[in-house]
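What follows is a set of notes on a single structure, which appears directly below.
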Amino acid sequence: MNKRMAIFATMLFLAFSAHGQTHHYLKNGEESTGGTWNTTSTYTPGTNTQIWLQGEEVDTGGSTTSTHTIRNGIFTLKGLGVGRYNKNTSQVVVDAATINADSSFWIGMYGNGTLTIQNGSAVTVAGKADVGYASGGKGTLTVTGTNSVLTIQGNDGLRLGSNLTHSGISGTLNISQGGAVFVTNAVRVASLSGDGYVFIDNGTLNSGAIYVGCDNSNKRTTGKGTFTLTSGVVSMNDHLRVGNGEVNLNGGNLTTTQKVAAYSGTTNFSGTAVTLDALLVGGNAATAEYPAVVNFEGGSIDSTTATQVRAYGTLNINATNPGDAFDQLTLLTNGVLNVGARQTIDFFDTTGGELNTTSDGWLDILYDFENPDVIHFDEVNIDGTLQVSFVQPWSSAYGSQFEIFTAENLEILGNLSLPNGFQVVSTEGRFVIGKENELPEPSTWCLLIMGFLAVFRVRRPRTA
């Protein structure tokens, strides 16, 4: 009897203890079926604990949805997984809480997972964070609200739909309403086989490199990436690289100490103030089948070195006041520059490519007497206005004729604007201008030739 009483008392104690718990934790991969954790105390389940949140305890092949809220506490975890099994959907909200994870996060491993960090929550991940990880996995990570912060410290950084061996995956990052994400290393947006998306609207992203549809070797990937900055701040201490993807810089500020390298895909500048080392268009991953296109429609681009339009790259300039990124520009073979707005360019060692101005385009080429660049185009088509300006004031010491550029095919159907007192000397494979008062007009050339022939005829000796 005493033994039965002891067992009953123990069971009763455990029941009341479980009922009184203010938080739920799982050890060594056990799964939760849902619920709300609401605690005001510090929660430390142990260094070997990982928490998996999903629709069912086991994968039965069914379709279930579960919602979890982590609120008002300090949680120390080994790792966190949301949406572990196929056909399961899990939604986790971190609300006014602090989470410190010693390992990694997986959002949408095989199922559908959504993690929302809001209301001033602070989440720190010592490892990596995968959003959309394995076959069929679809993950969404949202950081929203003032003082809501996600920090990822692992060497693999943040990966959105980026997995080498799995297909059918996608990962999305949303940063809005004052939320901030800090990634010590790279952000990979579809850098392997899956699809990845980043949307920033009044948010902050600080990271190392950002890869959109390409890997760290600049190879174009099978997955497609999309990166959109509407407003807010993006800062990087490494490159922004674009492969099989689309980058839309619609507003806010983007700063990198390195290059924005559009190796393929499409990059649109339409309102963002961009500060960078250099802008590269084409080359590397670009091919005739997969070209790189950069459209400048607005905003500004401030650069410390020359912009390069390389093989199978196209740069379209359709807005004025672009900053200084295009003040110096190199155009290489199979590269294309289309100017549809007024733009001043000092071409720097250009050795090929195609130059076009539309009827609305106005291209002002700077010519430096003291340091003339080697400028050669494969093709030049001027439908708008071609202007030539001198960097230094002209003097006779510099000479009277100047080769501005050469072109294998040159067609000027628009207008020419030359320095005062200069006119065109040649457009046959070479665009040469010269001083007017030292160049006879065509009618003068005719008179001189006729006079020379007359003198030659008068002086010709008579034959017997």
Side-chain angles (χ1 to χ4, degrees), residues 189 198 209-214 218 220 224-230 234 236 239-256 258-348 350 352-358 360-361 363 377:
V189 188
V198 174
I210 297 178
Y211 304 107
V212 182
C214 65
N218 307 326
R220 178 188 171 95
K224 184 176 181 179
T226 300
F227 185 99
T228 300
L229 172 61
T230 301
V234 175
M236 298 168 285
H239 299 77
L240 168 60
R241 306 184 188 189
V242 186
N244 182 22
E246 181 175 319
V247 172
N248 301 299
L249 302 176
N250 302 328
N253 295 273
L254 184 145
T255 301
T256 174
Q258 302 293 324
K259 299 177 178 63
V260 172
Y263 293 127
S264 186
T266 302
T267 303
N268 300 307
F269 296 84
S270 59
T272 299
V274 179
T275 302
L276 44 75
D277 174 59
L279 174 63
L280 305 182
V281 185
N284 291 79
T287 63
E289 184 180 4
Y290 302 116
V293 177
V294 171
N295 300 308
F296 182 81
E297 306 287 345
S300 64
I301 307 176
D302 292 322
S303 176
T304 56
T305 58
T307 293
Q308 291 187 8
V309 182
R310 307 191 295 179
Y312 302 109
T314 298
L315 173 60
N316 300 310
I317 304 175
N318 295 312
T320 57
N321 302 318
D324 64 3
F326 308 138
D327 287 357
Q328 284 193 334
L329 190 145
T330 299
L331 183 62
L332 304 179
T333 300
N334 290 325
V336 178
L337 172 62
N338 297 316
V339 180
R342 187 157 189 168
Q343 179 61 47
T344 299
I345 294 178
D346 180 7
F347 285 99
F348 181 76
T350 291
E354 179 180 332
L355 170 64
N356 305 300
T357 68
T358 66
D360 296 326
L363 178 62
F377 301 106

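Atoms considered below: every heavy atom in the structure, side chains included; atoms not considered: hydrogens, waters and symmetry mates.
Note that OG1 of Thr272 and CG of Asn248 are 9.5 Å apart. Values are rounded to the nearest 0.5 Å. With rounding to the nearest 0.5 angstrom, the CG atom of Asp360 is 13.5 Å from the CZ atom of Arg342. With values rounded to the nearest 0.5 angstrom, Leu240 atom CG is found 11.0 Å from Leu280 atom CG. Here the CG atom belonging to Leu279 is positioned 5.0 Å from the CZ atom belonging to Phe269, to the nearest 0.5 angstrom. Once rounded to the nearest 0.5 Å, the distance linking CG of Asn316 with CZ of Phe296 reads 12.0 Å.
By the 4.5 Å heavy-atom criterion applied to side chains, Thr228 and Glu246 are not counted as neighbours. Under the 4.5 Å side-chain criterion, counting only non-hydrogen atoms from C-beta, Leu355 is in contact with Leu363.
Of all non-hydrogen atoms in Ser270 and Asn250, the two that sit nearest each other are OG-OD1, 2.9 Å.
Applying side chain to side chain contact (heavy atoms under 4.5 Å, CB included) to Val274 and the options Val234, Asn253, Leu249 leaves one that passes, Leu249. Screening Asn295, Thr357, Asn318, Thr314 for a side chain to side chain contact (heavy atoms under 4.5 Å, CB included) with Asn338, the sole residue that qualifies is Thr314.
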What verdict does the side-chain contact (heavy atoms from CB on, under 4.5 Å) test give for Leu229 and Val247, after you've listed the backbone C-alpha separation in whole Å, the side-chain angles of each residue and the deciding distance to 0.1 Å?
CA-CA 8 Å; Leu229 172 61; Val247 172; over 6 Å; no
Solution key, residues 324-335 side-chain donor-acceptor pairs under 3.5 Å, sequence neighbours excluded:
from	atom 1	to	atom 2	distance (Å)
Asp324	OD1	Ser303	N	2.7
Thr330	OG1	Phe348	O	2.8

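With sequence neighbours excluded, the residues forming a ring pair (Phe, Tyr, Trp, His ring centres under 6.0 Å) with Phe347 are Phe377, listed by chain and number. Take Lys259 and apply the salt bridge (charged side-chain N to carboxylate O under 4.0 Å, His left out) test, not counting sequence neighbours, and it matches Asp277.
Panel note: side chain Thr287, backbone Glu289; a donor-acceptor pair is recorded below 3.5 Å.
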